[in-house]
Engineer: 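What follows is a structure written as structure tokens; I'll ask about it next.
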Amino acid sequence: MSTARPVEAPARLITEADWSAALAALRDLPPDPTVLLVCHVNPDGDALGSMLGCGLGLVAYGVPVQATFPAPYGLAPPFDQLPGQELLIDPATAPVAPDLLICFDAASASRLGELADRLDTAGATIVVDHHASNTRFGGIHLVDPGAAATSVVVDGLLDRLGVPLDERIAECLYVALSTDTGSFKFDLTTPAVHELAARLLATGLRPAEISRRLFDSRPFGAMKLYGDVLARATLEPGAAGGRGLVWSYATLTDLDRHGQERHVLEGLIDAVRVAEEADVACVLKQVGTTEWTVSLRSKGGVDVGAVAVGLGGGGHRLAAGFTAYGSVDEVLAVIRSSL
Ligand code: AMP
Ligand code: MN
Ligand code: MN
């Protein structure tokens, strides 16, 4: 079992040389450059918001960009209202050898799916991320594990480029920041995070509307589905070395029964992790007959990021995930023994 490290901001790992290299890569592009932005598969608010916000900023800077992410391609609620979607292209049509590749919120090359091959063919690569587990898989690294979201690093980049925040860039970065801080509730919600939020809001954003869309709104059928999943939740006080585990699962049949699509399950872990008797929360979301997407959360006692990495996934100390194969019982047995 992994025990928590003391709560402290990890060392900032972006050096002045890193920033200079990133600025030079953007300044020294050939005429009419091909610049491809990519973010991790099954993108969340931070992946999409950071990528599109940076993309809009780079266009304002004078660099044309295209943005994409690995298949399955397409935006579902609540991200289908993000500004900057005019920059998006289908990954099947993404340039094969861009002059510059910029990767967002991906801790490793594998998170880029079929687009990972561009790491070898691109003229230069900038990795923009905040995962402590980042494998530094590019050429230039803007990776800050002390940043609450990748969008914090994007703000630093746009600031150094001299690109002012407008309302569309700000909405993207705000969606990213509020997603990864759980609406300004998680560990890394520092004074600097609130200062960034203040600068974003000052562009004219409507935070109530954005927050409702992100956190407080789902179809009635999804609400009923959440009820079913919560009804079958299991509490194991002795698991995770006595710290306690609460878990549940959602099947494809559950989605069918309530006429819902997969994306409505993204918030399920937040409904399960409230159980105060358990430090660790786990939700299995069925993808295929024996394939599951697993979400793990800890309240501080267990490094679930290390657990997820050990099981082929990744994430942060208190929020992580991986893909698992087998029956619910088999997957749970593996998780229990890893905790
Ligand atoms: P989720 O439970 O899907 O919200 O994921 C929580 C966090 O875990 C994400 O922000 C990612 O950093 C990470 N994560 C989730 N799934 C994977 C995976 N299959 N591989 C690597 N990292 C993952
Ligand atoms: Mn992410
Ligand atoms: Mn992130």
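Count residues from 1 along the sequence. Since this is a predicted model, take the numbers as computed values, not measurements. Just follow the structure's listing: the first ligand is 1, and inside any ligand the first atom is 1.
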Engineer: For the side chain to side chain contact (heavy atoms under 4.5 Å, CB included) test, which of Leu58, Val65, Leu36 pairs with Ile102?
Structural biologist: Leu58
Engineer: Starting from the Mn ion (ligand 3), look over the N/O/S atoms of Asp105 and name the nearest one.
Structural biologist: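 Nearest N/O/S atom of Asp105: OD1.
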Engineer: Do NZ/NE/NH1/NH2 and the carboxylate oxygens of Glu236 and Arg336 come within less than 4.0 Å?
Structural biologist: yes
Engineer: Got an N, O or S from Cys39 under 2.8 Å of the Mn ion (ligand 2)?
Structural biologist: no
Engineer: Nearest protein heavy-atom contact for atom 18 (C) of ligand 1: which residue, which atom, what distance?
Structural biologist: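 Result: Arg111 NH1, 3.2 Å.
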Engineer: Number the atoms of ligand 1 from 1 as they appear, then name those within less than 4.0 Å of a heavy atom of Gly315, with their elements.
Structural biologist: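 Listed by number with element: 8 (O), 12 (O), 13 (C), 22 (N).
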Engineer: In the protein, what heavy atom is nearest to atom 4 (O) of ligand 1, and what distance, to one decimal place, separates them?
Structural biologist: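 Checking every protein heavy atom, the shortest distance to atom 4 (O) of ligand 1 gives Arg297 NH2, 2.8 Å.
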Engineer: Can an N or O of Glu266 be found at a distance shorter than 3.5 Å from an N or O of ligand 1?
Structural biologist: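 Such a contact does not occur with ligand 1.
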Engineer: May I ask you to say whether Asp254 pairs ionically with Arg232, meaning some side-chain N is under 4.0 Å from a carboxylate O?
Structural biologist: yes
Engineer: Could you tell me whether Tyr174 and Phe184 have their ring centroids closer than 6.0 angstrom?
Structural biologist: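 Yes; Phe184 has its ring centre under 6.0 Å from that of Tyr174.
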Engineer: Is Leu225 reachable from Phe215 through a run of hydrophobic residues whose side-chain heavy atoms are each under 4.5 Å from the next?
Structural biologist: no
Engineer: Flag Gly321 as yes when one of its N or O atoms lies below 3.5 Å from any N or O atom of ligand 1, and as no otherwise.
Structural biologist: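 For ligand 1, there is an N or O atom that lies under 3.5 Å from one belonging to Gly321.
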Engineer: Answer yes when Glu261 and Lys285 have at least one side-chain N-carboxylate O distance shorter than 4.0 Å, and no when they do not.
Structural biologist: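 Result for this pair is no, no salt bridge flagged.
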Engineer: Measuring to the Mn ion (ligand 2), does Asp44 have an N/O/S atom at a distance below 2.8 Å?
Structural biologist: yes
Engineer: Please determine whether any non-hydrogen atom of Ala319 lies less than 4.0 Å from an atom of ligand 1.
Structural biologist: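 Ala319: in contact with ligand 1 (<4.0 Å).
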Engineer: Just which atoms of ligand 1 are under 4.0 Å from any heavy atom in Ser295?
Structural biologist: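 Those of ligand 1 that fall under 4.0 Å from Ser295 are 1 (P), 2 (O), 3 (O).
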Engineer: In terms of residue, atom name and distance, what is the protein heavy atom nearest to atom 23 (C) of ligand 1?
Structural biologist: Gly314 O, 3.4 Å
Engineer: Taking 4.0 Å as the limit for heavy-atom contacts, which would you say applies to Asp105 with ligand 1: side chain only, backbone only, both, or neither?
Structural biologist: neither
Engineer: Considering the heavy atoms of Phe322, write down every atom of ligand 1 situated less than 4.0 Å from one of them.
Structural biologist: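 Within the 4.0 Å cut-off of Phe322, ligand 1 contributes 16 (N), 19 (N).
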Engineer: Please list, in number order, the atoms of ligand 1 under 4.0 Å from a heavy atom of His131.
Structural biologist: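 Here the atoms of ligand 1 in question are 11 (C), 12 (O).
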Engineer: I'd like to know if the Mn ion (ligand 3) has an N/O/S atom from His130 within less than 2.8 Å of it, counting both backbone and side-chain atoms.
Structural biologist: yes
Engineer: What residue and heavy atom of the protein are closest to atom 9 (C) of ligand 1, and at what distance?
Structural biologist: Asp44 OD2, 4.5 Å
Engineer: Which is the closest N/O/S atom of Asp180 when seen from the Mn ion (ligand 3)?
Structural biologist: OD2
Engineer: Taking the side chain as every heavy atom from C-beta outward, state whether Cys282 and Val294 have any atom pair closer than 4.5 Å.
Structural biologist: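 In short, these two side chains touch, coming nearer than 4.5 Å.
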Engineer: Looking only at N, O or S atoms, which one in Asp46 sits nearest to the Mn ion (ligand 3)?
Structural biologist: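 The atom in question is OD2.
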